[in-house]
Amino acid sequence: ASGAPGATGGSTAAAGGSTTPALTGTITVFAAASLKATFTKLASDFEAEHPGTKIALNFAGSSDLVTQITQGAPADVFASADTKNMTKLTDAKLTDGAPANFATNTLEIAVPPSNPASISSFADLARPGVKVVVCAPQVPCGAATDTVEKATGTTLAPVSEESSVTDVLGKVTSGEADAGLVYVTDVKTAGAKIKGIPFPESDQAVNTYPIATVGTSQNKELAAAFIATVTGSEGKKVLSDAGFGTP
Amino acid sequence: MNRRSGTGYTGIPPWIYAIAAAGAVFVLLPLVAMVAKVNWPQFIPLITSESSLTALGLSLRTSATSTAACVVLGVPLALVLARSPFPGQRLLRAFVLLPLVLPPVVGGIALLYTFGRQGLLGRSLEMAGIQIAFSTTAVVLAQTFVALPFLVVSLEGALRTAGNKYEAVAATLGARPSTVLRRVTIPLVLPGLASGAVLSFARSLGEFGATLTFAGSLQGVTRTLPLEIYLQRETDADAAVALSLLLVAVAVAVVGLSYRRPRVDAAPEGAFR
Amino acid sequence: MNRRSGTGYTGIPPWIYAIAAAGAVFVLLPLVAMVAKVNWPQFIPLITSESSLTALGLSLRTSATSTAACVVLGVPLALVLARSPFPGQRLLRAFVLLPLVLPPVVGGIALLYTFGRQGLLGRSLEMAGIQIAFSTTAVVLAQTFVALPFLVVSLEGALRTAGNKYEAVAATLGARPSTVLRRVTIPLVLPGLASGAVLSFARSLGEFGATLTFAGSLQGVTRTLPLEIYLQRETDADAAVALSLLLVAVAVAVVGLSYRRPRVDAAPEGAFR
Amino acid sequence: MTFQLDATLAARGFEVSLSLGPAETIAILGPNGAGKSTLLSIISGLLRPDAGKAVLGGRVLFDLAADKNIWRAPHTRGTALLAQEALLFPHLSALDNVAFGPRSAGASSAAARETAMHWLAEVDAGDLAARRPGQLSGGQAQRVAVARALAADPELLLLDEPMAALDIHAAPLLRRLLKRVLAGRRAIIITHDILDALMLADRVIVLEDGRISEAGPTRDVLEKPRSRFAAGLAGLNLVAGTVSDAGVTTAQGMVVAGHHDGTLGPGQDGVAVFPPSAVSVFLTEEHGSPRNSFPVRITDLEPHGDQIRVHAGGLFADITPAASADLGLTPGMTVHFVIKAAAIAIYPA
Amino acid sequence: MTFQLDATLAARGFEVSLSLGPAETIAILGPNGAGKSTLLSIISGLLRPDAGKAVLGGRVLFDLAADKNIWRAPHTRGTALLAQEALLFPHLSALDNVAFGPRSAGASSAAARETAMHWLAEVDAGDLAARRPGQLSGGQAQRVAVARALAADPELLLLDEPMAALDIHAAPLLRRLLKRVLAGRRAIIITHDILDALMLADRVIVLEDGRISEAGPTRDVLEKPRSRFAAGLAGLNLVAGTVSDAGVTTAQGMVVAGHHDGTLGPGQDGVAVFPPSAVSVFLTEEHGSPRNSFPVRITDLEPHGDQIRVHAGGLFADITPAASADLGLTPGMTVHFVIKAAAIAIYPA
Ligand SMILES: Nc1ncnc2c1ncn2[C@@H]1O[C@H](COP(=O)(O)OP(=O)(O)OP(=O)(O)O)[C@@H](O)[C@H]1O
Ligand SMILES: Nc1ncnc2c1ncn2[C@@H]1O[C@H](COP(=O)(O)OP(=O)(O)OP(=O)(O)O)[C@@H](O)[C@H]1O
Ligand SMILES: [Mg+2]
Ligand SMILES: [Mg+2]
């Protein structure tokens, strides 16, 4: 897997440099909502680089997107926030070729800037009286939380198991909860409204973002070119600026 | 007229039935599609699973409570809006309707800003020892917030349509305003009030966004059936759809039962005796 | 009575005002809290950004269209439910109400199952060259689906409250059912119809879950203001709240304008002349 | 070209059959709750009887025989109903209310308004044209409602108490208008005023308890009433019972002596009818030439023209105020009503 | 302990001031739209006048003087209103409708129902107790509404056409009931029937165009009417104009000769009043002893008792049917109304 991005990255550079006239038309990219900022930037960069192309972006939760694609939505590219949802699509034989992983994300403890419960480690979250919110096990960040809990042997007693990272973040930024478990990238986006506390155990649960061309795509070439941009150096830069790790 | 023995007059042009049928089909088809998708062998264990039943119980309890809260708060609001003209009435009406347009998630955020620990009232409430966030109370608050406009609007329409003739008669017979309200106004607009309450209940039962944002999602405490469905969807959309049939069934039962056959004589004094 | 010169009788007990005030505060406080949180220097560029304006325009257009669709489909449904008793009427009413209880996301999935390419009707539609999902039409369909019950329920309440005396009179004067409908029924329940339409419009304007699932979120095509707000919230919750103030402002304007001062003489024949 | 009706409605104990000539007007009289409004509702199609049939000028309005079940909708019947409540459309001006019928019949807006203006003027309500019903007084609303029914110009006009709520000048005016309009027209008028029947109707029908108790040309019914109600209308006393040689014997055993023409056999049902002016009042039982003397308890005394009307035992007597004062009559007193047999007419019930 | 009212309401051209003794009943008469119902609405508190004051037994009902602005709510006024429409509560049985007033006054449920049953029986509607208003006929509903107003037992009873829609047996019955109930009670009754005024009221007030045009003891008003309306009530002809030596000169220049007692000076406003029986009808202008002969066009002929009433030129004459037939009178003809000056009474307007 580590070789693939490099290879495609190279071809993208070639495509950008050459005057290949093949890249025209429009593709629709279905991307996880957490990719909004990065993909918006990548898409506009791509359009600038390849005049005559248009990248339409459709953001929603990864599972929503999968449902939409399996129900025949006109998607060309699917970028998922976890491998589980991508697997649903490959199982349904709706991808064109194997998905490529283009980013990773790890958990971080988020606390309000004042850190009212004085959290400094993962173990602190299990202290009685600390109001912790986490993601529900059904969603990727919740699965990751579970993994970390198992790995550390710490059992959390959350006051709420949210269905998305955004909801966890919302509880922490509003000061409702004392701490929450979210992704590094979320802490970064939230800026001053939140303080991130990294913890070493987060390595135990790395979340991977895969991307793939949808089998029913009418413009696989353009789709492939966009995927190349995402997985290529330009994509890496934009993604890592946003806090994503590289797979 | 002809309420009992005849069906002499129903003034509905035939083409109205055609459109009504189209409308009904439009609403029913998606339900049929849902039912068609259900994987029945998987369905029974799913809806009888502990988490589903807990969520259903919580949903019914909180929806009933918030419907009651809507009636308590909404009937006075509708009365004031329909009966006593005052400056700023239009503005008040517009504001009361706002929870309708706010995307529920934003509504939830607004509630957090108000009743949350750091919110407008939160601090005072916390001093008073009241903790709302992450509790079942929060669920009820969220549901009441989104469902209240339904009751107010449909009741106000009914109150306006009914007019206040009978209330005035009651007053000339010596009835105090409270008596008039209890014995004349409310009984007369009962169909409107029932519609409103059913709408509120249904909206509360289906409420999801505001609850998620404001109250969180903890099994048995704040995870209502819609939240359970939403989570279920993360892993299996078809299962989520199946689970929502449970919600649908509950709603059909409640709505079906709450609209009794209109009383034979509920209509105002017959004109054609 | 006393519609013109006097304010002789309004039968509202004083304690009703107190509760109404409490209700109003409950609804208004979260709005105040929202406004208080707005970062004004950031607000103006945000709401005037191209994506916001595109989304707002799309929202207004689709909501207006779906309100019209609700009126077209809902008025007949309400008439049939209110006026002509038939077997299975209660069941039909319950089913028409269902979109209210379905969590919107599930509603969206159900619509996909119906009108999607793989759906019940989707195949036939596709053969006919019609693609609905992920188009602006899909947005309108989703909004109509969730907003229709509002119109039906509030109009049915008003129709029942109004009774059919005047319709019968009109028929005895030789008016065909269509004429009765146009010149008597509709004008008489105008307040109820207005409430219903306003509710539908508001619900359409705030619609989010079903649209996201069924229509997707493509800028300029299907990304309405609530979807824009949802996406905004991924990055900045406060900005999302600020953006929803735009929605609130639009709604207040529409509701405020659509409820005109009730006509001086809209109430039935004065009893106390 | 006649109108023919048979209808029963068990829930209201209603069972009536009647017919109407091409240009005939009949008046329906009867006590409250007799079924008069029910009759008009059935004819106009607002109420469905349990069984029966109605035909208007060759057109079947309804026929509920088991194998037919024909039911014509109200708007296709060619009848127009002025109901007992005015029920003006609250959202239309008086003019538009009256123009409603012509408009529904297909007239242009301008033509309909012209017709409406004409009828409004006829009922002396021309100056109210622009008002909404909510701004009209009771009598004004009633006039506009009458104009609305007349403007519909139906084949059969149904008027339920058209004179209700009118003042003493408007009532005669409307009565005259109706007389003019109804000449050469088919109409059924419900009224409590015998004057309306006399002036407007060719025939009267007395409805009691959902059945026709009397029918015939107005004068005949008033001169020879067979029911208590019709006798009351005519201002006559009526005692019903079984005919005997002496006269009429009531169920209570009271015997009213009177003259009858001999065509009546003993044992038949018959009525004894006499005017209140033929009744004398005595304080004690006198034995004179009059053969009828009944002890009765006075329930009331009221002025009646320049006489005093004494109500007692279901009968009434008209005497002069002077006589009343002389006798010191007061309600509650027991007196004797004395009637000469010669003043009493007896005929079959 | 009197009732005193002053009120103006510009929108309806209403300006009335009246007072009522402790146990007095007054009847309000007047044409449609005169403001009769408006008056009752103002008294009962359903309509707010622009200005004025009302006091009932020492209690101020309203006082809208600039510095006061007192306004008592309807339910605290001690008045009960029977409005022109029955408006029975549609969701309550007849019994509960009647029990509504007593219940509101604080009676126990059982006591209120007992009172209600009593009043229902009084209006002869005892058997309708369990019915809903939708199941009552027009007249039945009216009776229940009257019972409801009476059961409220107010300090001041306000009845707007209580006899409307009643049949010929029910109306006298109710009239007698009201007479009994109103003895020793304060009440205001609106009616179009002079008999009601005669039997029930101590005084009558004639309202025209929002103003009192006549007031006084019933008999006085009927014997010496000053307004056209009151003359109509009394069944008299009335011509208004300016007094001259010869009699009364109308605005149109017609001179009606008659006798007056000399207290009237020329130039004053006066009325000439004469009964229809004093009017003779001639086909041509005759010069005989009668000094008054007016050419008029017949608008209508109608039966009136055993006479024929000839309407013409705003006046009316009663003649025998034989005379009418002899003269061949028909509407549209021009005839001469001839009246002996001695039969004409002239007095101030
Ligand atoms: N909707 C109804 N349901 C049941 N019974 C009714 C209904 N309406 C009227 N009735 C009864 O039917 C009978 C006839 O009523 P209808 O209205 O025809 O009387 P009516 O002759 O018009 O009397 P009125 O002179 O009082 O208007 C009455 O006994 C009345 O109580
Ligand atoms: N709501 C209203 N707005 C404006 N004018 C009105 C209103 N109601 C009545 N009027 C007018 O006020 C005047 C007095 O009406 P009111 O009802 O008092 O008459 P009334 O004497 O009771 O007549 P009736 O004998 O016909 O019942 C009428 O000219 C009427 O048209
Ligand atoms: Mg009737
Ligand atoms: Mg009136």
Side-chain angles (χ1 to χ4, degrees), chain D residues 11-12 29-38 83-86 124-125 127-128 135-143 160-161 163-173 175-177 179-180 190 192-195 198-199 228-229 232-233 235 299-305 309 311 316 331, chain E residues 11-12 29-38 83-86 124-125 127-128 135-143 160-161 163-173 175-177 179-180 190 192-195 198-199 228-229 232-233 235 299-305 309 311 316 331:
Chain D
R12 304 195 190 173
L29 296 156
N32 293 137
K36 305 182 295 297
S37 302
T38 302
Q84 202 162 359
E85 282 181 56
D124 201 13
D127 52 332
L128 306 174
Q135 302 169 323
L136 296 176
S137 81
Q140 290 168 340
Q142 178 67 16
R143 290 187 219 180
D160 200 342
E161 305 195 18
M163 279 0 146
L166 296 188
D167 69 42
I168 51 145
H169 291 289
L173 184 137
R175 203 174 283 126
R176 276 175 257 148
L177 168 65
K179 188 177 177 185
R180 214 167 62 234
I190 292 178
H192 289 300
D193 188 344
I194 190 64
L195 196 55
L198 276 170
M199 264 194 68
R228 216 183 151 65
F229 186 83
L233 281 173
T299 51
D300 235 293
L301 297 165
E302 65 180 349
H304 189 257
R309 180 157 283 186
H311 293 261
F316 50 100
Chain E
R12 306 195 186 173
L29 297 156
N32 293 138
K36 305 183 293 299
S37 302
T38 302
Q84 202 163 358
E85 282 180 57
D124 200 13
D127 52 332
L128 305 174
Q135 302 169 321
L136 296 176
S137 81
Q140 291 167 339
Q142 178 68 16
R143 290 189 220 176
D160 201 342
E161 306 193 18
M163 265 23 130
L166 296 187
D167 71 42
I168 52 145
H169 292 289
L173 184 137
R175 203 174 284 124
R176 277 176 257 146
L177 168 65
K179 188 176 175 183
R180 214 168 59 237
I190 293 179
H192 289 301
D193 188 344
I194 190 65
L195 196 55
L198 276 171
M199 265 195 67
R228 218 181 149 65
F229 186 83
L233 282 174
T299 51
D300 236 292
L301 297 165
E302 64 179 350
H304 190 258
R309 180 157 282 188
H311 293 262
F316 49 100

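These numbers were taken from a predicted model, which means no experiment stands behind them. The chains referred to below are lettered A, B, ... by the order of the sequence lines, with proteins before strands, and numbering in each begins at 1.
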[atom1]/[X] to [atom2]/[Y] distance, rounded to the nearest 0.5 angstrom?
{"X": "D:D300", "Y": "E:R180", "atom1": "CG", "atom2": "CZ", "answer": "8.0 Å"}
{"X": "D:Q84", "Y": "E:Q142", "atom1": "CD", "atom2": "CD", "answer": "10.0 Å"}
{"X": "D:H311", "Y": "E:L173", "atom1": "NE2", "atom2": "CG", "answer": "10.0 Å"}
{"X": "D:Q135", "Y": "E:R12", "atom1": "CD", "atom2": "CZ", "answer": "9.0 Å"}

**Report entry** Atom of E:S137, atom of D:G33 and distance for their closest heavy-atom approach
**Finding:**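 For E:S137 and D:G33, the tightest heavy-atom pair comes out as OG-N, 3.2 Å.
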**Report entry** Most chain E-contacting option - heavy-atom pairs closer than 4.5 Å, from D:Q140, D:R228, D:H169, D:R309
**Finding:**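 Looking at each of D:Q140, D:R228, D:H169, D:R309 in turn, D:H169 comes out on top.
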Query raised in the report: Can you tell which of D:G30, D:A165, D:P31, D:A164 has the highest number of heavy-atom pairs within less than 4.5 Å of chain E?
Result: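 Looking at each option in turn, the highest pair count goes to D:A165.
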**Report entry** With E:R175 via salt bridge (Lys or Arg N to Asp or Glu O under 4.0 Å) - residues at least two apart
**Finding:**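 Once residues adjacent in sequence are excluded, the partners of E:R175 under the salt bridge (Lys or Arg N to Asp or Glu O under 4.0 Å) criterion are E:D193, E:D196.
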In terms of heavy-atom proximity below 4.5 Å to chain D, should [X] be classed as side chain, backbone, both, or neither?
{"X": "E:L301", "answer": "backbone"}
{"X": "E:E161", "answer": "side chain"}
{"X": "E:R143", "answer": "side chain"}

Query - Pairs of heavy atoms under 4.5 Å with chain D: top-ranked of E:D167, E:D160, E:L195, E:L128 - result: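 With the most close heavy-atom pairs to chain D, the winner is E:D167.
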Query raised in the report: With sequence neighbours excluded, what pairs up with E:I168 under the side-chain contact (heavy atoms from CB on, under 4.5 Å) test?
Result: D:F229, D:L233
Query raised in the report: Would you find a donor on one side and an acceptor on the other, under 3.5 Å apart, between the side chain of E:N32 and the backbone of D:G138?
Result: no
Report task. Show your reasoning for whether side-chain contact (heavy atoms from CB on, under 4.5 Å) applies to E:T299 and D:R176. Result -> CA-CA 9 Å; E:T299 51; D:R176 276 175 257 148; 4.2 Å; yes
Requested in this report: Could you tell me whether the side chain of D:K179 reaches within less than 4.5 Å of the side chain of E:E302, counting heavy atoms only?
Outcome: no
